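The next block holds one structure in the form of structure tokens; read it before the comments.
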Amino acid sequence: MSVAKEKRATWWKMFYHQRAAIESVSDEDAGAGLKAAFRYFDGEDISPESLTAQAFTVFCVIRPYIDESFQDYNSCIESGKRGARNRWGKDSPPIDPHSPPIGCLREAEADILSSKDDRESRADKPCTPTRKKYGQYGWVKLTDSDYNRLLNDLGETEVKRCIAYVDESAQSNGNKNKWKDWNLVIRRCHRDGWGLSQQQSQPPQQPRRTGRLIVDEDGEERVIFE
């Protein structure tokens, strides 16, 4: 008896830049944060109160890429369905919705395509979510899920401030910092308070006052401000 394949995302990405945050906490907190990530991957809710601040930081470093894995999985399934409809049209054979995916195709769709006489070659193109440009100069690029998570975690005002600051910084030096993971850069901007010291050091602008010159009864000129 064959074992049915699990119909869900089965992996997520980890990157080298995450090491700094994980190394900054104790082994106990790092382990607790990693365990929380696995629970979240299994569909459990993780509240900040259930972890120490350090462990929750580790979890937050990992969570965006778990969410991205879910989104990529769902995008691949929808892409496979569209591919079958475009190729077969109304004559498309019924596809078992529970058929496990292979790349961006379902297993049943792959069997149908491989049985055709023409055996057209297909490139194995990964399904990647579309990233939109943000900021005046368009350097900051975020997927819809990245942007929505930032709004939820940081608030709209802070997200817009950080996007504007990071976008202007990249424009001023041609992105010499080689920023690529803009979601992470925006979070670092918030965490480290980039640009806040400059805003606080600028004195508030005084409102302009306008006046007009008059001559009084004694023949002396005076300026009356309105």
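Here the structure is a predicted model, which is why all the values come from computation and not from measurement.
Separation of atoms CG (L196) and SG (C162) is listed at 7.5 Å; rounding is to 0.5 Å. Rounding to the nearest 0.5 Å gives a distance of 12.0 Å between CG of L34 and CG of D27. Atom CZ in R191 sits 7.5 Å away from atom CG in L184 (nearest 0.5 Å).
Between W12 and F38, the distance from one ring center to the other falls under 6.0 angstrom.
Both Y147 and W139 sit in one connected hydrophobic cluster of ILVMFWY residues. Membership requires side-chain heavy atoms under 4.5 Å apart, directly or through other members. With hydrophobic clusters built from ILVMFWY side chains whose heavy atoms lie under 4.5 angstrom apart, L51 does not share a cluster with V61. F41 is connected to M14 through a chain of hydrophobic side-chain contacts under 4.5 Å among Ile, Leu, Val, Met, Phe, Trp and Tyr, so both are in one cluster. Note: the hydrophobic cluster containing V166 also contains L154 (ILVMFWY, side chain heavy atoms under 4.5 Å, direct or indirect links).
In this structure, a donor-acceptor pair under 3.5 Å is present between the side chains of D29 and S26.
Proximity of a side-chain donor or acceptor of T57 to a complementary backbone N or O of A53 within less than 3.5 Å is detected.
Crowding of E28 atom CD: a count of heavy atoms from other residues, nucleotides or ligands under 6.0 Å not exceeding 12. Counting non-hydrogen atoms of neighbouring residues, nucleotides and ligands closer than 6.0 angstrom, the CG atom of N173 exceeds 12 such neighbours. Within 6.0 Å of CG on D192 lie more than 12 heavy atoms contributed by other residues, nucleotides or ligands. Within a 6.0 Å sphere centred on NZ of K160, other residues, nucleotides and ligands contribute 12 heavy atoms or fewer.
Ion pair D146/R149 flagged as a salt bridge, since at least one NZ, NE, NH1 or NH2 atom sits closer than 4.0 Å to an Asp/Glu carboxylate oxygen. The existence of a salt bridge linking D144 and R131 is excluded, since no basic side-chain nitrogen approaches an acidic carboxylate oxygen closer than 4.0 Å.
Contact between Y165 and G195 at its shortest, heavy atoms only, is CE1-CA, 3.5 Å. Of all non-hydrogen atoms in N183 and P64, the two that sit nearest each other are ND2-CB, 3.9 Å. For the pair V25 and A30, the tightest heavy-atom approach, listed with the atom from each and the gap, is CG2-N, 3.8 Å. Contact detail for I62 and A37: the closest heavy-atom pair is CG2-CB, 3.9 Å.
The aromatic rings of Y40 and F70 are tilted relative to each other, their planes meeting at an angle between 30° and 60°. Ring orientation note: the planes of F56 and F59 are tilted relative to one another, at an angle of 30° to 60°. The aromatic rings of W194 and W179 lie parallel to each other, their planes meeting at an angle below 30°, with 60° marking the opposite boundary.
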